[in-house]
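Report on the structure given below.
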Amino acid sequence: LSVCHPFFRRSSWPTKNLILAGNFNMTNTQELNDSLIAMGQHPIFATDTQALLEKVGFQLDEAHDNLYRYLRDEGHTNDEIAERILTGIDLPKVFRKSAESWDGGYALIGAIGNGDSFILRDPLGIRPAFYFEDEEVFASASERAPLMTIFDKHLDDIHEVPPGNIIVVKKSGEVIKEVFRDPAPEPTQCSFERIYFSRGNDADIYRERKALGAGLCEQIMTSIGRDLENTVISFVPNTSEVAYFGVLEELRLIRRREVKEQILEAAAKGELDAAKLDDLVLRNWPRGEKIAHKDQKLRTFISTEDSRNEMASHVYDVTYGIVTPEDNLVCVDDSIVRGTTLRKSVLKILSSLNPKKIIIASTAPQIRYPDCYGIDMSELGKFIAFEAAIALLKEKGKKDLIGEVYRKCVDSEKGSAPSTVNYVQEIYKPFSDEEISAKIATLVYPRDVAWKGKLEVIYQTVENLQRALPRHKGDWYFTGNYPSPGGYGVVNRAFINYYEKATGRSY
C-alpha cells in the first residue's frame, strides 16, 4: 500500500493520535466534507484524504470520550481510566460509523497512538489487499507476491482481506477480524489492476495475463491472413511481456491443430512423405522476437501530464535487421488509454523497420469511461476510444447526439437522487467495436514518417476479458457499468467537463 499523505491527529491522549495511509479514491468527497462541516469540523482541503482522516478522527474522538465517560461514571480512578482507554478502543466500531457514507474504492492501513494498527478494504473489494500472520509477524500489502518474497512464504500462507472487513492488530498481539461494512453480494474487484498495475510474478496474475494474450489470437490470425510465416510477433515492454507469451503459446496451439488436420488429410490421400511433413511442420510457424526495447524504467501511463509527451517520444528503441518489408509486425500491448505513447513513440519507431503492416494488439478492451476508485483516469476527452467515437459522430452527421447527452448529464446532476444511468454509453452506441478500433488506427497513424504501410489496432473483447479474469468483475472503464452510485455521477460529470471544456478531475 502506497502512502497517500499521512496525517496525524495529536492530543494529550495517545489513543486520539491517528495515522492513515492507503490506496483509495472517493467519489463523494464533497458530500463527505459537507457532512464534516455539519458536525462542526473545519476541513481545510477539499480532498478525500482529509475527508477520511477527519471522519475517522471524529469517530475516534467520540469513542474515546464515550469510553471515558462510561468508566468515570462506573467509579474508576483516573489511573484506571487511562489504562482501560489504552486497551479498550473498539476500532471496528470506529470504522463502522466512519464509513457509513463512503462511496469509492479503498484499502487503508493505519495505527492509533496506543500501538493498535489496522487494515481494511472497501465492501466492493475494488482495491486489493493481502496479509499473512504467524506467531511473530502480521504483515499486509496491496499485492501478494511481495509478501511471499520478503517473508519467504508460500501461496497458501497469504490471504486476501475480505471485502468490507477490518483486521486490527492490538498492541498486545491479539488479532481481531470483523466486518465493518456489509460486503457486496457480488464483489467488483478492479480488473485493470490485474492487466497493468500489479506485478506479473504473482501466480494468478501471470496466468491471467497469458490468458488475455491468448484471447487476442483469433483476431490476430484474421488480421494477418493466417500468414504466420511472414509475421513477427513482439510486444511493447514491459507489462505486456507475459501476455506476449500467452499469444505465442496459443498461436502454436492453433497451428498444431491446423497441422494435425493437414497431416491426416495428406495421409488419407496417400500424399504424406518426408518432404510433405517438413513443409507442414516447419513452415508457417509463429515467430517471436524482441523488437521494441524500453530505454527508461518509466511508466508513461502514470507520469505527469506535462512531461508525458516529451518522455513518450524518447522511451523506446527497436531491434534492427529482423523485420523485412514483406513481414507483418504484431506488437502486443497491455492497454491503450490515451494513445499518446503509440502516437509519439511506439509507432514512429516501429514504422522505421518498414513492415508491410503493423498490428497493435491490446490485451485490455477499449477504455471508454473514467475510473474513480483508485486509478486516476477521469478526463474523457483524453481517451483515444472516446476521441474516436466523437470523430465518428461528426463524420456520420450525428453531432447532435453530443449535445443531447450533455443535456441528459446536466439534468441527472439536478435530480434529487443520485443517477444510476451512464448517459455517455449513448456516445458509443451507434458504432461497433470494430468501427471504433478502425478509427483509432487512423488517429494514431504516424503521419510524419516515410512509412506508408497499413496499421490495424486490435482490442480484447469484453467477453474474453471476463473469461481470463473470472474473479475480477470490475470492468466499468470498458463497459460503463459502475458498481456504486458515485461512479455514475463521475462519468456524467466527466462528460459535462468535456463538453464545457473544463479540465481536471471529475470527482
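The aromatic ring centres of Y423 and F495 sit 6.0 Å or more apart. Between F383 and Y498, the gap from one ring centroid to the other reaches at least 6.0 Å.
The shortest side-chain heavy-atom distance between E133 and V169 does not fall under the 4.5 Å cut-off. Looking at F386 and I390, their side chains come closer than 4.5 Å, going by heavy atoms from C-beta outward. Looking only at side-chain heavy atoms (C-beta outward), N492 and S419 come within less than 4.5 Å of each other.
The pair K294-E241 does not meet the salt-bridge criterion, since no charged nitrogen lies less than 4.0 angstrom from a carboxylate oxygen. Of the charged side-chain nitrogens involved, none lies within less than 4.0 Å of a carboxylate oxygen, so that E404 and K429 do not count as a salt-bridged pair. Salt bridge annotation for D122-R181: absent, with no cationic side-chain nitrogen under 4.0 angstrom from a carboxylate oxygen. Between R127 and E193 a salt bridge is recorded (basic side-chain N to carboxylate O distance below 4.0 Å). Under a 4.0 Å N-O distance rule, the pair R226/E218 qualifies as a salt bridge. Using a 4.0 Å cut-off between charged side-chain N and carboxylate O, D204 and R144 make a salt bridge. Taking a cutoff of 4.0 Å between a charged side-chain nitrogen and a carboxylate oxygen, K276 and E271 do not qualify as a salt bridge. Under a 4.0 Å N-O distance rule, the pair K396/E435 does not qualify as a salt bridge.
A donor atom on one side chain and an acceptor atom on the other are not found under 3.5 Å apart for T340 and K382. No hydrogens or angles considered: nothing links the side chains of T503 and E379 as a donor-acceptor pair under 3.5 Å. Side chains of Y488 and S412: no donor on one and acceptor on the other come within 3.5 Å. There is a side-chain donor-acceptor pair under 3.5 Å between D475 and Q466.
Separating the CD1 atom in I254 from the CD1 atom in I220 is a distance of 8.5 Å, to the nearest 0.5 Å. Note that CD1 of I205 and CG of N201 are 8.0 Å apart. Values are rounded to the nearest 0.5 Å.
Test L455, I440, I358 against Y445 for side chain to side chain contact (heavy atoms under 4.5 Å, CB included) and you get one pass: L455. Exactly one residue among W476, Y477, Y428 makes a ring-ring contact (aromatic ring centres under 6.0 Å, His included) with Y369. That residue is Y428.
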Check step by step if side-chain hydrogen bond (donor to acceptor under 3.5 Å, both in side chains) holds for T188 and Y373. CA-CA 11 Å; T188 49; Y373 300 113; over 6 Å; no

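Heavy atoms of other residues, nucleotides or ligands lying less than 6.0 angstrom from CG of D152 number 12 at most. More than 12 heavy atoms of other shown residues, nucleotides or ligands fall within 6.0 angstrom of atom CG in D273. Annotation: D278, atom CG; neighbour count of heavy atoms from other residues, nucleotides and ligands within 6.0 Å is above 12.
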